[in-house]
Amino acid sequence: MSTNVSEKRRPEQKPEGSRAFDSGSKGGRFGDQLFSGLSLAAGILIFVILLAVFTFLGWKSADILTIPGSAITGGEGFFAYVYPIVLGTLMAAVIALLIATPLGILVALYISHFAPPKVAKPVGYVIDLLAAIPSVVYGAWGMTVLAPALVPFYNWLAENFGWIPLLEGPASNTGRTMFTAGVVLAIMILPIITAMSRELFVQTPKLHEEASLALGATRLEMIGQAVMPFARAGIVSSVMLALGRALGETMAVALVLSTGGLQWSLIRTGNNTIAAEIALNYPEAFGNRFTELIAAGFVLFIITLIVNLAARAITARYKEFSGAN
């Protein structure tokens with residue numbers, strides 16, 4: 001009886017394999033903690049940088065409140081100065097999104113669900129290659145090739161649809177208009193929307209697609225029932241990311257647009273954006289002019305921040321859907 005008690009009290013000896021596993025798990029836990037710490041530090045660093053930019057712009061642009069309105073460019077105050085370029089920025093970005101969003105989604109659907117592998121891979125490479133082209137190249141191409149090519153189209157629009165305020169003539173004889181800038185921006189943001197949408201479409205659970213097809217849906221109906229709802233939040237994120245790129249684009253817009261006053265017509269010469277205004281005038285700016293440009297940059301920062309917050313809100317609204325719910 002005593003022998004049995006002593007055997008029960010004897011500490012159990014772990015096999016060699018379990019000891020190795022314990023030491024490995026400790027190393028694994030240390031690696032997880034290290035990686036978690038590095039990730040947290042990176043997140044904090046990004047926040048600090050963003051806060052520093054916000055503080056710098058706010059500090060430098062605060063002097064705009066003390067400058068008399070007559071001393072600001074245009075002589076009518078800062079609002080009258082920044083209002084046209086804010087509208088120009090939004091107009092160019094909206095035109096780019098209206099062109100690039102449906103085109104990017106359709107290309108992504110073709111690559112992921114319709115094209116054979118021998119065609120899908122080259123098309124995907126070409127689309128991704130567009131993101132590697134410098135913006136100044138896009139601007140030079142838009143100014144020298146695209147703008148003159150669109151002049152006959154602008155004249156036709158002015159003759160047939162000039163009663164629409166956005167297409168009111170006389171059309172530009174150089175083609176350097178807001179619509180041309182929007183087309184160039186659409187080509188520049190197309191890889192962002194296409195690449196992100198393609199990855200989302202590929203990740204759609206095959207069971208969802210097969211279930212839709214098994215119920216008698218066509219390929220197009222299956223995409224509407226299974227693929228698009230699954231990728232909806234991600235598509236919104238890709239569009240908002242592309243919008244941020246369009247809002248902040250500088251050189252391409254500066255080269256394409258023939259700067260001037262605000263024009264509601266998309267086919268007239270004129271208009272400008274905040275980024276292009278800063279890029280063209282900052283090197284020679286000093287005094288009040290420097291403060292104006294910094295304040296305009298602060299306005300652009302606020303607009304971009306609002307766009308990102310709106311994207312987060314929209315994405316959070318649809319993040320619960322997974323197709324299997």
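Looking at heavy atoms from C-beta onward, N281 lies in side-chain contact with L293 at the 4.5 angstrom threshold. Taking the side chain as every heavy atom from C-beta outward, N173 and Y154 never approach each other to under 4.5 Å. Within the 4.5 Å cutoff, the side chain of V86 has heavy atoms near those of the I274 side chain. The closest side-chain heavy-atom distance from N160 to L167 is not below 4.5 Å. At a threshold of 4.5 Å between non-hydrogen side-chain atoms, the residues I302 and F54 count as touching. For the pair L257/R176, no side-chain contact is recorded, criterion being any heavy-atom separation below 4.5 Å from C-beta on. Looking at heavy atoms from C-beta onward, M240 lies in side-chain contact with V307 at the 4.5 angstrom threshold. For the pair Y138 and L255, the minimum side-chain heavy-atom distance is 4.5 Å or more.
Linking Ile, Leu, Val, Met, Phe, Trp and Tyr whenever their side-chain heavy atoms come within less than 4.5 Å leaves L50 and L309 in two separate clusters. F56 and V53 end up in the same hydrophobic cluster when Ile, Leu, Val, Met, Phe, Trp and Tyr side chains are linked at under 4.5 Å. L241 and L90 fall into different hydrophobic clusters, where Ile, Leu, Val, Met, Phe, Trp and Tyr side chains are chained together by heavy-atom contacts under 4.5 Å. Note on V123 and M196: separate hydrophobic clusters, where clusters join Ile, Leu, Val, Met, Phe, Trp and Tyr whose side-chain heavy atoms are under 4.5 Å apart, directly or indirectly.
Taking the six-membered ring where the residue is Trp, F78 and Y81 present tilted rings, their angle falling between 30° and 60°. The aromatic rings of H208 and F230 lie perpendicular to each other, with more than 60° between the two planes, well past the 30° mark. Using cut-offs of 30° and 60° for the angle between ring planes, the Y282 and F290 rings count as tilted.
In this structure, CD1 in I67 is found 4.0 Å from CG in N288, a value given to the nearest 0.5 Å. Rounding to the nearest 0.5 angstrom, the gap separating the CG atom in L305 from the CG atom in L300 is 11.0 Å. Residue I187 holds its CD1 atom at 9.5 Å from CD1 of I133, rounded to the nearest 0.5 Å. Expressed to the nearest 0.5 Å, how far CD1 of I105 lies from CD1 of I223 amounts to 12.0 Å. T291 OG1 to F298 CZ: the interatomic distance, rounded to the nearest 0.5 Å, is 14.0 Å. Between the CD1 atom of I189 and the OG atom of S238 there is a distance of 9.5 Å, given to the nearest 0.5 Å.
Between the side chains of T273 and T89, no donor N or O sits under 3.5 Å from an acceptor N or O.
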Determine whether K60 and E292 satisfy the following criterion, salt bridge (Lys or Arg N to Asp or Glu O under 4.0 Å), listing intermediate values before the conclusion. CA-CA 10 Å; K60 289 294 185 179; E292 293 173 9; over 6 Å; no
Could you check I235 against M228 for side chain to side chain contact (heavy atoms under 4.5 Å, CB included), going step by step and ending with a plain yes or no? CA-CA 9 Å; I235 292 175; M228 296 303 294; 3.7 Å; yes
Audit row: L266, T177, side chain to side chain contact (heavy atoms under 4.5 Å, CB included) steps and yes/no: CA-CA 6 Å; L266 303 179; T177 67; 6.0 Å; no
Chi angles and distances behind the side chain to side chain contact (heavy atoms under 4.5 Å, CB included) call for V239, L243: CA-CA 6 Å; V239 171; L243 177 58; 5.5 Å; no
Check the pair L166, F161 against side chain to side chain contact (heavy atoms under 4.5 Å, CB included), reporting the backbone distance first and the verdict last. CA-CA 9 Å; L166 292 178; F161 301 96; over 6 Å; no
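Within the structure, every pair that satisfies the salt bridge (charged side-chain N to carboxylate O under 4.0 Å, His left out) test and touches residues 202-226, not counting sequence neighbours, is listed here: K206-E209. The salt bridge (charged side-chain N to carboxylate O under 4.0 Å, His left out) analysis of residues 144-173, with sequence neighbours excluded, yields the pairs E168-R268. Identified under the salt bridge (charged side-chain N to carboxylate O under 4.0 Å, His left out) test for residues 126-144, with sequence neighbours left out: D128-R198. Every pair tested for salt bridge (charged side-chain N to carboxylate O under 4.0 Å, His left out) that includes a residue from residues 90-110 fails, sequence neighbours excluded, so the list is empty. A ring pair (Phe, Tyr, Trp, His ring centres under 6.0 Å) check over residues 103-127, counting only residues at least two apart or in different chains, returns nothing.
The backbone N or O of I192 lies less than 3.5 Å from no partner atom in the side chain of T194, so there is not a single donor-acceptor pair. Looking only at distances, a side-chain donor or acceptor of T180 sits under 3.5 Å from a matching main-chain atom of G175. A donor-acceptor pair is defined here as one N or O able to donate and one able to accept, closer than 3.5 Å; no such pair exists between the side chain of S36 and the backbone of D32.
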Show every donor-acceptor pair shorter than 3.5 Å between a side-chain atom in residues 142-153 and any protein atom, with sequence neighbours excluded, or say none if there are none.
from	atom 1	to	atom 2	distance (Å)
T144	OG1	A140	O	2.7

